[in-house]
Amino acid sequence: MRERPANDRVIHVPARPAPITLDCSKTGLIVVDMQNAFVNRGGMLDVAGIDISAAPRTVDAAQRVLEAARALGIMVIFLEVGYPPDRSTAGGPLSPNPRKELALILMEQRPELRGKLLTWGTWDAETADAVRPGPGETVIRKQRYSGFAGTPLDQVLRSHGLQHLLFIGVATNVCVESTIRDAYFLEYWPVLVEDATMQAGPPFCQQATVFNVEHFFGWVTTSESLVRAAGMAPAAAQPSRP
């Protein structure tokens with residue numbers, strides 16, 4: 001994959017509902033929760049019995065997007081969701097979070113899993129090896145679905161003058177969509193890379209988020225479209241899921 005000249009910082013990306021122009025110096029790539037819990041066998045989603053058969057092709061697409069973003073000088077920000085072993089940030093008796101967040105539910109229901117799912121310091125909470133942060137790339141930990149809830153994400157983005165945000169990661173219909181919605185409300189321009197995301201649940205969950213973003217919250221593109229817009233060869237790009 002060849003690099004573009006350093007002064008060539010604007011790309012025109014095919015997208016829905018319309019193409020979008022990105023100034024790479026003002027664009028960030030948000031990698032949402034691409035942790036072992038969500039994309040690898042033995043991780044939390046797999047333990048819960050949720051279908052993760054799409055994970056390998058999602059990770060492949062995410063790798064292509066990361067390679068293109070790094071070559072273009074786009075800032076990469078990794079989000080990781082998790083809790084300390086004492087679960088002190090999970091929410092108290094008045095919070096709905098412990099009653100809806102899957103890792104917390106499983107650890108409450110199955111004592112043998114306590115301290116093993118989405119717990120800092122465990123394999124489950126680590127970003128998967130295939131998409132690990134590179135040197136100097138920002139990693140932001142969060143305790144809720146949205147990357148903006150209780151984190152410095154907005155401050156980090158504004159301090160770097162970022163306006164457009166590319167989104168990849170898991171789960172499309174939960175943490176990815178939650179973060180995209182908040183980004184839109186904060187006046188960022190969200191772009192969902194649909195084949196580099198994976199839903200938690202049936203295929204219609206993926207379709208619903210793609211519809212929501214395309215029609216109400218931003219733009220939708222693919223890893224192949226992004227790579228081609230960057231002037232690079234699309235290395236065995238996979239077709240996006242319906």
Side-chain angles (χ1 to χ4, degrees), residues 28-50 52 55-56 58-59 62-63 66 75-157 159-160 165 167-183 196-201:
L29 171 62
I30 310 298
V31 185
V32 182
D33 301 353
M34 294 210 72
Q35 295 156 269
N36 292 316
F38 305 109
V39 300
N40 279 322
R41 295 295 177 190
M44 188 266 293
L45 285 186
D46 187 39
V47 168
I50 293 175
I52 62 166
T58 302
V59 170
Q63 288 176 315
L66 278 164
M75 183 176 180
V76 181
I77 301 102
F78 285 79
L79 301 180
E80 296 177 342
V81 64
Y83 307 95
D86 64 3
R87 290 179 274 178
S88 56
T89 61
L94 298 181
S95 171
N97 192 57
R99 294 155 184 82
K100 299 302 294 185
E101 206 283 327
L102 186 55
L104 298 174
I105 293 171
L106 289 173
M107 288 191 290
E108 184 64 27
Q109 293 176 344
R110 297 171 58 179
E112 74 276 12
L113 295 176
R114 289 177 186 172
K116 296 181 179 179
L117 302 182
L118 287 183
T119 300
W120 301 130
T122 66
W123 171 86
D124 199 63
E126 292 177 359
T127 293
D129 286 340
V131 287
R132 278 196 177 277
E137 291 179 342
T138 300
V139 178
I140 294 177
R141 286 182 169 183
K142 63 189 181 75
Q143 292 81 42
R144 298 296 185 272
Y145 296 146
S146 171
F148 290 96
T151 78
L153 178 58
D154 186 42
Q155 181 180 5
V156 169
L157 298 176
S159 68
H160 287 85
L165 301 177
F167 284 87
I168 64 176
V170 185
T172 316
N173 55 316
V174 186
C175 292
V176 176
E177 183 169 343
S178 295
T179 308
I180 283 176
R181 285 171 179 256
D182 280 351
T197 65
M198 183 184 78
Q199 81 280 4

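Taking all atoms of both residues into account, the shortest heavy-atom contact from Leu104 to Pro98 is CD1-CA, 3.7 Å. Thr122 and Gly115 get closest at one heavy-atom pair: CG2-O, 3.4 Å.
Of the possible donor and acceptor atoms, one in the side chain of Asn97 sits under 3.5 Å from a partner among the backbone N and O of Ala90. Between the side chain of Ser95 and the backbone N or O of Gly92, no donor-acceptor pair lies under 3.5 Å. Remark: the backbone N or O of Gly150 is not paired with any side-chain donor or acceptor of Arg144 at under 3.5 angstrom. Judged by distance alone, with hydrogens and angles left aside, the side-chain atoms of Asn173 form a donor-acceptor pair with the main-chain N or O of Ala200 at under 3.5 Å. Proximity of a side-chain donor or acceptor of Glu137 to a complementary backbone N or O of Gly134 within less than 3.5 Å is detected. Tyr83 contributes no side-chain N or O that, together with a main-chain N or O of Trp120, makes up a donor-acceptor pair within less than 3.5 Å. Looking at Thr151, its side chain never comes within 3.5 Å of a backbone N or O of Ala149 through a donor-acceptor pair. A donor-acceptor pair under 3.5 Å is absent between the side-chain atoms of Arg141 and the main chain of Glu80, judged by distance alone. Within the 3.5 Å criterion, the main-chain N or O of Thr119 finds no donor-acceptor partner in the side chain of Lys116.
The structure places CD of Gln199 at 6.0 Å from OG1 of Thr172, a figure rounded to the nearest 0.5 Å. Once rounded to the nearest 0.5 Å, the distance linking CG of Asp154 with CG of Asp182 reads 9.5 Å. Rounding to the nearest 0.5 Å places CG of Leu45 at 11.5 Å from CG of Asn36. Once rounded to the nearest 0.5 Å, the distance linking CG of Leu117 with CG of Leu102 reads 8.0 Å. We find the NE2-OG1 distance between His160 and Thr138 to be 6.0 Å, quoted to the nearest 0.5 Å. A distance of 13.0 Å separates CZ of Arg110 from CD1 of Ile105, quoted to the nearest 0.5 Å.
The existence of a salt bridge linking Arg132 and Glu126 is confirmed by a sub-4.0 Å separation between a basic side-chain nitrogen and an acidic carboxylate oxygen.
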Worked check of side-chain hydrogen bond (donor to acceptor under 3.5 Å, both in side chains) between Ser178 and Ser146: CA-CA 5 Å; Ser178 295; Ser146 171; over 6 Å; no

Verdict with supporting geometry, Glu101 and Tyr145, side chain to side chain contact (heavy atoms under 4.5 Å, CB included): CA-CA 9 Å; Glu101 206 283 327; Tyr145 296 146; 4.3 Å; yes

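Environment of CD in Gln155: sparse, with no more than 12 heavy atoms of neighbouring residues, nucleotides or ligands closer than 6.0 Å.
Of the residues Val81, Asp124, Val170, Asn40, the one that meets the side chain to side chain contact (heavy atoms under 4.5 Å, CB included) test with Gln35 is Val81. Between Phe167 and the options Thr197, Leu79, Val31, Thr179, a side chain to side chain contact (heavy atoms under 4.5 Å, CB included) holds for only Thr179.
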